[in-house]
Participant: 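One structure coming up, written as C-alpha cells, with questions to follow.
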Amino acid sequence: MKFFIAGSTGATGRHVTNLLLQQGHQVVTVARNTAALNKEISLYPQLEVKVGSLLELADDELDNLISGCDGVISCLGHNLTFKGIYGAPRLLCREAVERISRSIIRTRRQHAGKRPPTMFLLMNTNGNRNRDLAEKLSAGDRLVIGIVRLLLPPHRDNELAAEFLRKDIGQNHPDIRWVVVRPDGLVNIDQVSDYQSFPSPVRGVVFNSGQVSRINVAHFITTMACDASEWQKWEGRMPVVYNAE
Ligand SMILES: NC(=O)c1ccc[n+]([C@@H]2O[C@H](COP(=O)([O-])OP(=O)(O)OC[C@H]3O[C@@H](n4cnc5c(N)ncnc54)[C@H](OP(=O)(O)O)[C@@H]3O)[C@@H](O)[C@H]2O)c1
C-alpha cells in the first residue's frame with residue numbers, strides 16, 4: 001500500500017513512518033528537516049521525501065505526493081516552543097487537514113476509475129470531545145480545558161482539525177473516510193506494548209488521566225491503516241487510546 005505522512009519527522013510520525021516501511025509499504029512525505037529522516041532514507045528505497053513545508057507547497061506539488069495513496073496520516077503538531085505555540089501558523093493542523101483533503105478530492109477526480117475512498121488518519125488529542133457522541137467532561141476537566149483552549153492556540157487548532165473531518169467531510173464522503181485518534185498523555189517508550197482503545201474517554205482528560213506511548217499510538221494508527229477489519233471498526237469515529245495498565 002502507499003501512504004502519505006504529514007509530520008513524519010515528529011516523535012510519533014517517525015514511529016508511524018518506520019512501522020509502515022518495515023512492513024514494506026511505500027511512504028511519501030514532506031519534511032522541513034530531511035536530516036531527521038536520514039536513517040530511514042538510507043534503509044528504505046520505497047521512502048520518498050520532498051523537502052519543504054506542507055503548508056507552503058503549491059497545490060500541484062502536494063497533488064503529486066498524494067496522488068495514488070491509499071491513505072494519509074497526519075501526526076503534525078506545534079513545536080513546544082514559544083514560537084511554535086504562539087507564532088504562525090496558528091492553525092497548522094486545521095489548515096493541513098483541509099489542504100490534504102482538497103488534494104485527495106482533486107487527485108481522485110482527475111483519475112477516473114473506481115478506488116475505495118482514501119483513508120485519512122488524524123492524530124489529535126483526548127482533550128477534544130467527539131460531538132457526535134455528546135461526550136461529557138467532569139466539571140474540573142471542563143474548566144481546565146476551557147482555560148487551555150483560551151491560552152494555548154494548539155488546542156483549538158487540534159479541535160478545529162478534527163471538526164473539519166467530522167463535519168465538513170462527514171460520514172459518507174465519496175473520496176475520504178477518516179479516523180481521528182485521541183491519545184492520552186504521550187510518553188516515549190521504545191517497544192510496542194499492550195494498549196487499549198475506546199470510542200470515548202474512560203478516564204478523566206486532565207484529572208485522573210492516563211498515558212500512552214507514542215509507539216503504541218503509531219502501532220494503532222498503522223494497524224487501522226493496513227487491516228481492513230480494524231479500519232471498519234473505527235471508521236468515522238474518534239477512538240481514545242491508553243497503555244494497558
Ligand atoms: N503531548 C501530549 O501528551 C499529547 C497528547 C495527546 C495528543 N498530542 C498531539 O499529538 C500530536 C503529535 O505529537 P508529537 O509529540 O508526536 O509531535 P512532535 O514530535 O512535536 O512532531 C510535530 C511534527 O509536526 C511538524 N511541524 C511542526 N510545526 C510545523 C510547521 N509549522 N510546518 C510543518 N510541519 C510542522 C514537525 O516538523 P519539524 O520536525 O520540521 O519541526 C513534526 O514533524 C500533536 O498534535 C499533539 O497536540 C499530544
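First listed ligand is number 1; within each ligand, the first listed atom is number 1.
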Participant: Flag the pair P89 / E56 as yes when at least one side-chain heavy-atom distance between them is below 4.5 Å, and no otherwise.
Facilitator: no
Participant: Where is the nearest protein heavy atom to atom 3 (O) of ligand 1: which residue, which atom, and how far?
Facilitator: L186 N, 2.9 Å
Participant: Determine, considering heavy atoms only, which of I5, N158, T9 sits nearest to atom 46 (C) of ligand 1.
Facilitator: N158
Participant: I need the R166 CZ to D132 CG distance, nearest 0.5 Å.
Facilitator: 4.5 Å
Participant: At what distance is the nearest protein heavy atom to atom 16 (O) of ligand 1, and which residue and atom is it?
Facilitator: T12 OG1, 2.6 Å
Participant: Please list, in number order, the atoms of ligand 1 under 4.0 Å from a heavy atom of C75.
Facilitator: 12 (C), 23 (C)
Participant: CG/D59 to CZ/R106 distance, rounded to the nearest 0.5 angstrom?
Facilitator: 4.0 Å
Participant: Is A11 touching ligand 1 with its side chain, its backbone, both, or neither, if touching means heavy atoms under 4.0 Å apart?
Facilitator: both
Participant: Do the side chains of E40 and N18 get nearer than 4.5 Å, heavy atoms only?
Facilitator: yes
Participant: Do P117 and D175 make a side-chain contact, defined as non-hydrogen atoms from C-beta onward lying under 4.5 Å apart?
Facilitator: no
Participant: Could you tell me, atom by atom, which parts of ligand 1 come under 4.0 Å of a heavy atom of G7?
Facilitator: 43 (O)
Participant: Please classify the P89 to ligand 1 contact at 4.0 Å (heavy-atom distances, strictly less than): side chain, backbone, both or neither.
Facilitator: side chain
Participant: Assess V217 for proximity to ligand 1: is some non-hydrogen atom of it under 4.0 Å away?
Facilitator: no
Participant: Is it the side chain (CB and beyond), the backbone, both or neither of L92 that lies under 4.0 Å from ligand 1, heavy atoms counted?
Facilitator: side chain
Participant: Can you measure from CD1 (I221) to CG (L19) and round to the nearest 0.5 angstrom?
Facilitator: 10.0 Å
Participant: Quick one: look up the protein heavy atom nearest atom 27 (C) of ligand 1 and list residue, atom name and how far away it is.
Facilitator: G77 O, 2.9 Å
Participant: Evaluating non-hydrogen atoms only, which member of L76, T29, T125 is closest to atom 44 (C) of ligand 1?
Facilitator: L76
Participant: Are any of the heavy atoms in P154 under 4.0 Å away from ligand 1?
Facilitator: no
Participant: Return a yes/no value for H78: is any of its N or O atoms, backbone included, closer than 3.5 angstrom to an N or O of ligand 1?
Facilitator: no
Participant: Among all the protein's non-hydrogen atoms, which is closest to atom 7 (C) of ligand 1, and how far away is it?
Facilitator: N124 O, 3.0 Å
Participant: Sort out for me which residue in W231, W178, F3 forms a side chain to side chain contact (heavy atoms under 4.5 Å, CB included) with L121.
Facilitator: W231
Participant: Does the side chain of E135 come under 3.5 Å of the side chain of S200 through a donor N or O and an acceptor N or O?
Facilitator: yes
Participant: Return the residue, atom name and 0.1 Å-rounded distance of the protein heavy atom closest to atom 41 (O) of ligand 1.
Facilitator: R32 NH2, 2.8 Å
Participant: Under a single-linkage rule joining Ile, Leu, Val, Met, Phe, Trp and Tyr whose side-chain heavy atoms are separated by less than 4.5 Å, which residues share a cluster with Y242?
Facilitator: F198, V202, V240
Participant: Where is the nearest protein heavy atom to atom 10 (O) of ligand 1: which residue, which atom, and how far?
Facilitator: M123 CE, 3.2 Å
Participant: Does P183 reach ligand 1 with a nitrogen or oxygen that is under 3.5 Å from one of the ligand's nitrogen or oxygen atoms?
Facilitator: no
Participant: Are the side chains of R131 and E163 in contact, using a 4.5 Å heavy-atom criterion?
Facilitator: yes
Participant: Considering only non-hydrogen protein atoms, determine which one is nearest to atom 15 (O) of ligand 1 and report residue, atom name and distance to 0.1 Å.
Facilitator: R214 NH2, 2.8 Å
Participant: List the closest protein heavy-atom neighbour of atom 21 (O) of ligand 1: residue, atom name, distance to the nearest 0.1 Å.
Facilitator: G10 CA, 3.2 Å
Participant: If you measure from CD1 on I66 to NZ on K2, what distance do you get to the nearest 0.5 Å?
Facilitator: 10.0 Å
Participant: For ligand 1, which atoms, with element, lie under 4.0 Å from some heavy atom of G185?
Facilitator: 3 (O)
Participant: Can you find a heavy atom in the side chain of I73 that is under 4.5 Å from one in the side chain of L20?
Facilitator: yes
Participant: Check each of N216, D184, D194 against N243 using the side-chain hydrogen bond (donor to acceptor under 3.5 Å, both in side chains) test, and report the only one that passes.
Facilitator: N216
Participant: Please could you name the atoms of ligand 1 that S53 approaches to less than 4.0 Å, counting only its heavy atoms?
Facilitator: 32 (N), 33 (C)
Participant: If the cut-off is 4.0 Å to any non-hydrogen atom of D184, which atoms of ligand 1 fall inside it?
Facilitator: 5 (C), 6 (C)
